[in-house]
Amino acid sequence: MPRRLTRSFFIRNVHKVAADLIGATLLFDGVGGRIVELEAYDHTDPAAHSFRGLTSRNAVMFGPAGYAYVYRSYGIHWCLNLVCEPKGSASAVLIRAIEPTTGLPAMRRRRGVSDARLLCSGPGRLCEALRITGADGGLRLDKAPFELFARSDPVEVVTGVRIGITKAVDLPWRYGLKGSRFLSKPFPAAPKSGA
DNA sequence: TGCCCGATTAACT
DNA sequence: GTTAATCGGGCAA
């Protein structure tokens, strides 16, 4: 039986949490799967919502670790973040892709597609598949409807630059499960020496 | 009050 | 590869 993640898991540096979440299982109302891709953000980061300081939208990011920050993207999609530490850094990880393992029929119904690789590979897609909305912002991650379980097997974590942003584009704050078929986009191959 | 634009996605050519 | 959809946040006026 995998270990249930408690709030203390998130009371750590956002990059440590990010690396440890690859391969972990995320369920919402009993539907979800294995986290294969995420990105880190913090208040020193021009690409982060928290960069310009506390506002009503991003207030959850400035609060305690272990809570969900959900925001609307492009006026259309919802995106899920997990708030981390250090305290006051307004840091969080954006869950970008999971490998669907539980509740496939519900996810297919909600997404309107059958291909498993199109269910949860992308931050907006996975929120639609898990039915996470702005109403879930501010909820604790260690209580229902959220359930998080630590990975039970070793994984290889790869990093790269983040996707879909126009600022701080060079920070290697994207984390992924090496070789996963459920990434929203592949990680570039390691550059050859001498390139 | 108005304006610009985004941590995206799907449907185009 | 390009672009429309769609709307609230954040900043200028």
Side-chain angles (χ1 to χ4, degrees), chain A residues 10 13-15 17-19 21-22 24 26 28 32-33 35-63 65 67-85 89-100 107-139 141 146 157-177 180-188:
Chain A
F10 296 96
N13 181 277
V14 61
H15 295 285
V17 175
L21 275 176
I22 297 298
L26 165 67
F28 185 83
I35 298 171
V36 298
E37 181 187 344
L38 54 79
E39 290 175 352
Y41 290 85
D42 79 21
H43 76 120
T44 66
D45 168 11
H49 290 172
S50 54
F51 181 66
R52 286 165 220 295
L54 173 68
T55 67
S56 57
R57 174 175 67 149
N58 64 24
V60 175
M61 286 184 82
F62 285 85
Y67 287 77
Y69 167 53
V70 182
Y71 70 92
R72 178 96 84 170
S73 177
Y74 288 85
I76 305 168
H77 310 289
W78 296 107
C79 294
L80 171 67
N81 292 256
L82 314 183
V83 178
C84 302
E85 296 228 328
S89 70
S91 60
V93 293
L94 167 69
I95 307 299
R96 286 195 56 89
I98 67 178
E99 174 182 340
M107 290 193 251
R108 290 198 164 97
R109 191 165 58 243
R110 296 164 183 175
R111 289 274 301 121
V113 297
S114 58
D115 184 347
R117 294 174 64 168
L118 294 178
L119 292 178
C120 301
S121 294
R125 289 169 174 173
L126 80 86
C127 281
E128 184 173 45
L130 272 58
R131 200 176 277 162
I132 292 170
T133 72
D136 304 307
L139 294 183
L141 299 170
F146 284 102
V157 177
V158 292
T159 61
V161 298
R162 295 173 295 181
I163 292 176
I165 56 174
T166 58
K167 299 161 195 159
V169 295
D170 292 332
L171 291 177
W173 287 3
R174 179 179 177 224
Y175 297 77
L177 175 62
S180 172
R181 295 156 33 238
F182 295 91
L183 300 173
S184 65
K185 288 175 69 172
F187 281 75

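Here is the naming used below: chain letters follow the sequence lines, and residue numbers restart at 1 for every chain.
The shortest distance between side-chain heavy atoms of A:L80 and A:F146 falls below 4.5 Å.
Judged by distance alone, with hydrogens and angles left aside, the side-chain atoms of A:R162 form no donor-acceptor pair with the main-chain N or O of A:R174 at under 3.5 Å.
As judged by a 4.0 angstrom heavy-atom cut-off over every strand, A:R174 is placed among residues making no nucleic acid contact. Among the heavy atoms of the strands lying under 4.0 Å from A:R96 are primed sugar atoms or P, OP1, OP2 only; no base atom is included. Within the nucleic acid shown, A:T55 comes within 4.0 Å of sugar-phosphate atoms alone, with no base atom in reach, counting heavy atoms only. Looking at heavy-atom distances under 4.0 Å, A:I76 makes contact with a base.
Mapped onto DNA chain B by nearest heavy atom, A:R72 and A:V113 fall at different nucleotides, with A:R72 at the one closer to the 5' end. If A:T166 and A:R125 are placed on DNA chain B by their nearest nucleotide, the residue sitting closer to the 5' end is A:T166.
Taking the side chain of A:P123 as heavy atoms from C-beta on, and the options C:dG10, B:dA7, B:dT9, the nearest nucleotide is B:dT9. Distance from the side chain of A:R57 is smallest for C:dG10 among the nucleotides B:dA7, C:dG10, B:dT9. Looking at the side chain of A:R52, the nearest of the listed nucleotides C:dA5, B:dT9, C:dG10 is C:dG10.
When base pairs are accepted only as Watson-Crick or G-U wobble with both N-N or N-O distances under 3.5 Å, DNA chain B takes part in stems of 3 or more pairs at B:1-6 with C:7-12, B:8-12 with C:1-5.
Taking atom CG of residue A:L54 and atom P of nucleotide C:dG9, one finds them 14 Å apart after rounding to whole Å. Separating the CG atom of A:D115 from the P atom of B:dA10 is a distance of 11 Å, rounded to the nearest angstrom. The CE atom of A:M61 sits 15 Å away from the C1' atom of C:dG9 (whole-angstrom rounding). Distance NE2 (A:H77) to C1' (C:dG8): 15 Å, rounded to an integer number of Å. Remark: P of B:dT8 and CD of A:E37 are 10 Å apart, rounded to the nearest angstrom. Here the C1' atom of nucleotide B:dA7 and the CG atom of A:D42 are 14 Å apart, to the nearest Å. The NZ atom of A:K185 sits 10 Å away from the P atom of B:dT8 (whole-angstrom rounding). Spacing between atom CG of A:N58 and atom P of C:dC11 amounts to 10 Å, rounded to whole angstrom units.
Comparing the C1' positions of B:dA7 and C:dG1 gives a spacing of 22 Å, expressed to the nearest Å. B:dC5 sits 16 Å from C:dT3 when the P atoms are compared, rounded to a whole Å.
Legend: residues meeting ring pair (Phe, Tyr, Trp, His ring centres under 6.0 Å) with A:Y71, ordered by chain and number and at least two apart, are A:H49, A:Y69.
Residue A:I98 holds its CD1 atom at 4.5 Å from CG of A:L130, rounded to the nearest 0.5 Å.
Ring geometry, A:Y175 versus A:H15: the interplanar angle falls from 30° to 60°, so the pair is classed tilted.
Residue A:H49 places at least one side-chain N or O closer than 4.0 Å to OP1 or OP2 of B:dA7.
Just one residue in the list A:I163, A:I95, A:V93 forms a side chain to side chain contact (heavy atoms under 4.5 Å, CB included) with A:E39, and that residue is A:I163.
Scanning atom types as modelled, no donor and acceptor separated by under 3.5 angstrom connect the side chain of A:Y74 and the base of C:dA5.
When all heavy atoms of A:A97 and A:S184 are compared, the closest pair comes out as CB-N, 4.0 Å.
For A:E128 and A:R111, the salt-bridge test passes: some basic side-chain N is under 4.0 Å from an acidic carboxylate O.
The aromatic ring of A:Y41 sits over the base of B:dA7, with ring centres less than 5.5 Å apart and planes tilted by under 30°.
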